[in-house]
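Encoded as structure tokens, the structure appears first; notes follow it.
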Amino acid sequence: MREAARAAAARQRALRGMRDGWAGSLRSFQSRLAWRDHFIQKLEDEPALEHRCLHPACEGLRPRPADAARLGAWARGETGIPFVDACMRSLQATGWINFRMRAMLVAVASYHLWLDWRDTGPVLARLFTDYEPGIHWPQMQMQSGTTGMNTVRIYNPVKQGRDQDARGAFTRAWLPELAEVPDAFLQEPWRWQGAPGLLGRRYPAPVVDIALAARAARSAKAGGRPAGELRFLMARMRKKADLPQKTCVTCGRPFAWRRKWAAVWDEVRHCSERCRREARRR
């Protein structure tokens, strides 16, 4: 990581004063490096984020254990929603898929299928060749709407298929069952007149009605907790800056009081377990 950051900075210095279009790209790259470290440190500081919702009001929002049939269909790429299935099958075969499609896979699982991120997260973690816990689990919570801070994004998988795979080449490559479906109906084969001979036979019928499922998710998300409770919890989260502060004796960075330290706050000297281990090695 240090080598990458130094190389980017060196390249910036070399390009100073030039207008070849690389300056903005290098700034974006450095920003991504910084965000990567931010999220890794976030999980290091709060390892429970892998197991509990960042926003307490979101606990219990979705049922656990998850609906086994829906979870299995999503994990196998057999939801009956073509672009979702194509993305999942591509991920299974290659171990990688771009960020937008990762976000869509999680959003569809979380909202349309109403599956808990703790059930879908391990499925993706086992598939990603670039799996990094510090990135993965915060993103799972963000795309599932359990942080209490990020905008809720309920992707329309049909629209995503049309926008991101306008010619249908990607979808057809991973769903050969849809070879005879006309382009106009590729992302919605249930609207095709030949659907009765296809759905439920060579390709599954949709596990949910996309529009109705999205509407139900919005309603459940909005009504998951009383408004007063949500306002109280959000205010409590915003007041984090008012909590007692200390400076880590290892890395020198400030850190705030956390509930897990309630009984031993006077003895706490390190901001994270990593810094505590580093101090022991010295």
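Note that the numbering runs from 1 along the sequence shown for the chain.
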As a quick check of understanding, evaluate side-chain hydrogen bond (donor to acceptor under 3.5 Å, both in side chains) for Gln141 and Thr146, giving each step before the final call. CA-CA 5 Å; Gln141 293 219 43; Thr146 59; 2.8 Å; yes
Just by modelled atom types, is the Gly197 backbone N or O under 3.5 Å from a matching donor or acceptor in the Arg202 side chain? yes
So, for Ala220 and Leu61, which heavy atoms are closest and what is the spacing to 0.1 Å? O-CD1, 3.8 Å
Evaluate salt bridge (charged side-chain N to carboxylate O under 4.0 Å, His left out) for Glu273 paired with Arg280, printing each intermediate quantity in order. CA-CA 11 Å; Glu273 182 63 22; Arg280 284 182 175 180; 5.5 Å; no
State whether the side chain of Lys42 and the backbone N or O of Pro138 hold a donor-acceptor pair below 3.5 Å, judged by distance alone. no
Does Val123 reach the side chain of Trp74, with side-chain heavy atoms less than 4.5 Å apart? yes
Test item: Arg269 side-chain N/O and Val249 main-chain N/O as donor-acceptor pair under 3.5 Å: no
Are the side chains of Pro157 and Ile210 in touch, meaning some heavy atoms are under 4.5 Å apart? yes
The reported gap from CZ in Arg276 to SG in Cys248 (rounded to nearest 0.5 angstrom) is 11.5 Å
Please say whether more than 12 non-hydrogen atoms of neighbouring residues, nucleotides or ligands are located less than 6.0 Å from CZ in Arg201. no
Check whether more than 12 heavy atoms from other residues, nucleotides or ligands sit under 6.0 Å from atom CZ of Arg153, and answer yes or no. no
Would a distance-only check, ignoring hydrogens and angles, find a side-chain to backbone donor-acceptor pair under 3.5 Å from Arg100 to Gln164? no
Does a side-chain heavy-atom distance below 4.5 Å link Leu71 with Leu113? no
Ser110 versus Met140: any side-chain heavy-atom pair under 4.5 Å? no
In the structure I gave you, are the side-chain heavy atoms of Arg218 and Val152 within less than 4.5 Å of one another anywhere? no
Common cluster, Leu175/Phe170, ILVMFWY with side-chain heavy-atom separation under 4.5 Å: yes
Is there a path of hydrophobic side-chain contacts, each under 4.5 Å between heavy atoms of I/L/V/M/F/W/Y residues, joining Ile135 to Tyr131? no
Charged N to carboxylate O below 4.0 Å: is that the case for Glu59 and Arg118? yes
Residue pair Met104 / Val108, side-chain heavy-atom distance below 4.5 Å: yes
Output a table of donor-acceptor pairs, distance under 3.5 Å, between side-chain atoms of residues 26-34 and any protein atom two or more places apart or on a different chain; print 'none' if there are none.
{"from": "Ser28", "atom 1": "OG", "to": "Gly24", "atom 2": "O", "distance (Å)": "3.2"}
{"from": "Gln30", "atom 1": "OE1", "to": "Gln12", "atom 2": "NE2", "distance (Å)": "3.0"}
{"from": "Gln30", "atom 1": "NE2", "to": "Gln12", "atom 2": "OE1", "distance (Å)": "3.0"}

N-O pairing of Glu278 and Arg281 below 4.0 Å: yes
So, Thr129 side chain and Gly95 main chain: donor-acceptor pair closer than 3.5 Å or not? yes
Looking only at heavy atoms, which two atoms of Cys271 and Asp45 are closest? And how far apart? O-OD1, 3.5 Å
Carefully, step by step, assess Arg102 and Leu124 under the rule side-chain contact (heavy atoms from CB on, under 4.5 Å). CA-CA 9 Å; Arg102 295 183 190 209; Leu124 296 176; over 6 Å; no
Hydrophobic clusters here meaning ILVMFWY residues chained together by side-chain heavy-atom distances under 4.5 Å, can you tell me if Phe39 and Trp137 are in one? no
When clusters are formed by joining ILVMFWY residues with side-chain heavy atoms under 4.5 Å apart, either directly or through shared neighbours, do Val208 and Trp190 land in the same one? yes
Do Trp192 and Leu186 pass the side-chain contact (heavy atoms from CB on, under 4.5 Å) test, and can you show the C-alpha distance, the side-chain angles, and the key distance before you say yes or no? CA-CA 9 Å; Trp192 176 44; Leu186 181 60; over 6 Å; no
Is there side-chain contact between Arg52 and Glu46, with heavy atoms separated by less than 4.5 Å? yes
Could you give me the CA-CA distance, side-chain angles and deciding distance for Asp183 and Arg172, then say whether salt bridge (charged side-chain N to carboxylate O under 4.0 Å, His left out) is met? CA-CA 10 Å; Asp183 290 344; Arg172 292 189 186 281; 2.6 Å; yes
Check the orientation of Trp114 and Tyr111. Use parallel for under 30°, tilted for 30 to 60°, and perpendicular for over 60°. tilted
Examine the side chains of Gln187 and Thr171 and answer whether a donor and an acceptor come within less than 3.5 Å of each other. yes
Quick one: are Gln160 and Met101 in side-chain contact, heavy atoms under 4.5 Å? yes
Indicate if Met142 and Leu105 have the same hydrophobic cluster label, given that clusters are the connected sets of ILVMFWY residues with side-chain heavy-atom separations under 4.5 angstrom. no
